[in-house]
Amino acid sequence: MQIRVVPGSGAAIYRQIADQVQRAVAAGELAVGDPLPSVRALAKELVVNPNTVAKAYAELVADGVLETQPGRGVFVTERRAVYSQDERLRRLDEALETAVNESIRLDFSNAEILERMSVQLDKLNSRGKQNG
Amino acid sequence: MAESDVIRTRRLTRYFGHKAVVEELDFAVPRGQIVGLLGLNGAGKTTTIRMLLGLLEPTRGSCEVLGVDSRCLTPETRARIGHTVEGHFLYPWMRVRECERFGRETHPRWDGGFFERSVRRFGIDTEAKVAWLSRGQRAGVSLASTLASNPELLILDDPALGLDPVSRRALNETILEFCQSGQRSVLLSSHLLDDVERVADRVALMVDGTMVVNTTIDHFRARIAAWTIDAPDSPTAAGNLSMPVPIPRIVNCRPLGQRWQVTVVDPDEDTRAALSAIESRAMEPADVTFEDAVLAYLSRSRVYHSFYTEDAS
């Protein structure tokens with residue numbers, strides 16, 4: 001998995017790192033148990049302050065995406081439910097709202113949007129199976 | 001001075017003639033942190049650095065470096081502070097390896113390995129004469145010499161000035177490697193906001209000799225918010241610069257094509273009320289980049305003096 005950061009963009013650098021790891025896990029590019037580069041190694045690779053990488057990892061640990069195994073490093077973990085059901089729904093709605101707004105602006109019908117959505121989900125699921 | 005601060009200024013003030021170039025500066029660099037010092041040319045960055053290094057007497061106030069008043073730094077304390085000057089002076093007749101030997105013989109805690117690695121990053125041949133090197137490579141040699149002397153505190157005055165992209169990357173890598181242990185601290189004056197966002201923990205922003213921002217990069221970003229407003233006239237001026245509409249906590253308002261971008265620090269109820277009172281066709285929140293946030297402060301100082309509000313600083 002290749003992480004890239006762009007300074008000077010709307011998202012803070014730690015957020016860019018966290019989002020990319022999260023996406024890689026969701027897309028099955030990273031499977032449960034896969035190791036991540038150490039904070040120091042990733043900071044060196046991206047030429048960023050190590051505290052920035054540490055902050056991204058800490059957030060992913062808090063969100064239940066990664067876990068720290070003392071002395072061994074950071075790994076992708078079995079997804080734990082860290083949010084309550086209400087909170088999960090709220091976050092889902094928030095994410096969908098952006099996608100829906102964009103889709104409607106492009107003049108697609110409900111049926112078309114739903115169909116593309118399920119194609120996307122199928123693609124994700126099959127990719128996850130291949131790698132897992 | 002807190003044990004953990006490597007730099008501390010107290011109401012530090014310096015006049016040149018009748019002009020206060022640095023005024024009532026209260027500022028600290030915590031140990032183990034990389035602090036980006038930003039500001040327009042003439043904001044007082046270099047003057048502050050010269051006072052920290054004991055090269056210039058403060059008119060009033062004081063500053064301490066590594067726990068010692070800058071006016072009485074001993075050679076022992078100086079040896080623990082590394083600094084580069086604008087332009088990176090080196091003896092042009094020396095070869096790079098002679099610069100290394102020169103450093104080794106004049107610094108008790110010389111780290112030859114660090115020197116080697118640093119010059120390699122800048123793509124420098126150690127047999128080359130300093131006079132043959134590009135500006136970026138000279139910066140590399142100067143930085144490598146400063147860092148290999150193993151200082152606890154590094155003060156860099158605009159080291160990236162005029163560097164090519166390869167040298168800029170090498171500079172960032174070298175600074176980060178230098179700080180790897182977490183015990184060394186850096187004060188980095190720069191105009192390259194992308195590089196500061198990459199390497200720094202904290203940002204200190206000087207405007208007209210005073211410090212208007214001094215916090216972590218993430219905190220700084222989180223506090224700044226912006227809106228784009230689709231309105232025919234500047235929302236702060238209402239068509240008349242002498243009668244600005246007050247928006248609490250505004251930093252800056254600038255034209256953006258047919259619209260206006262209003263940047264605000266710590267927006268509260270009053271800010272939102274003032275914004276919604278503006279007659280506009282549309283108003284929406286805008287993404288704020290680190291650069292936007294810094295520029296909002298800097299361009300305010302240059303253009304919008306009349307919109308200063310106590311709150312925003």
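Throughout, protein chains are lettered first and strands after them, A, B, ... in sequence-line order, and every chain is numbered starting at 1. Hydrogens, waters and symmetry mates play no part in the numbers below; they use all other heavy atoms, side chains included.
- A heavy-atom distance below 4.5 Å is not found between the side chains of B/P151 and B/I81.
- In this structure, the portion of B/A200 lying under 4.5 Å from any heavy atom of chain A is its backbone and not its side chain.
- Only the side chain of B/I34 comes within less than 4.5 Å of a heavy atom of chain A; its backbone N, CA, C and O stay farther away.
- Inspection of the A/T98 and A/N101 side chains reveals no N or O donor paired with an N or O acceptor under 3.5 Å.
- At least one side-chain heavy atom of B/D292 sits under 4.5 Å from a side-chain heavy atom of B/R254.
- Looking only at atom types and distance, the side chain of A/Q85 has a donor-acceptor partner in the side chain of A/R88 under 3.5 Å away.
- For A/V5, the parts lying near chain B are the backbone and the side chain together; criterion is any non-hydrogen pair under 4.5 Å.
- In this model, no donor atom of one side chain and acceptor atom of the other lie less than 3.5 Å apart for B/N172 and B/R121.
- Across B/V196, B/D287, B/L176, the residue that shares the most heavy-atom pairs under 4.5 angstrom with chain A is B/L176.
- Here A/V47 is the residue among A/V47, A/N51, A/T52, A/L46 with the most heavy-atom pairs under 4.5 Å with chain B.
- Using a distance-only test at 3.5 Å, with no hydrogens or angles considered, no donor-acceptor pair links the side chain of B/S142 to the main chain of B/R138.
- Counting heavy-atom pairs closer than 4.5 Å to chain A, the top residue among B/E291, B/Q180, B/R169 is B/Q180.
- Looking at A/R15, neither its backbone nor its side chain comes within 4.5 Å of chain B, counting heavy atoms on both sides.
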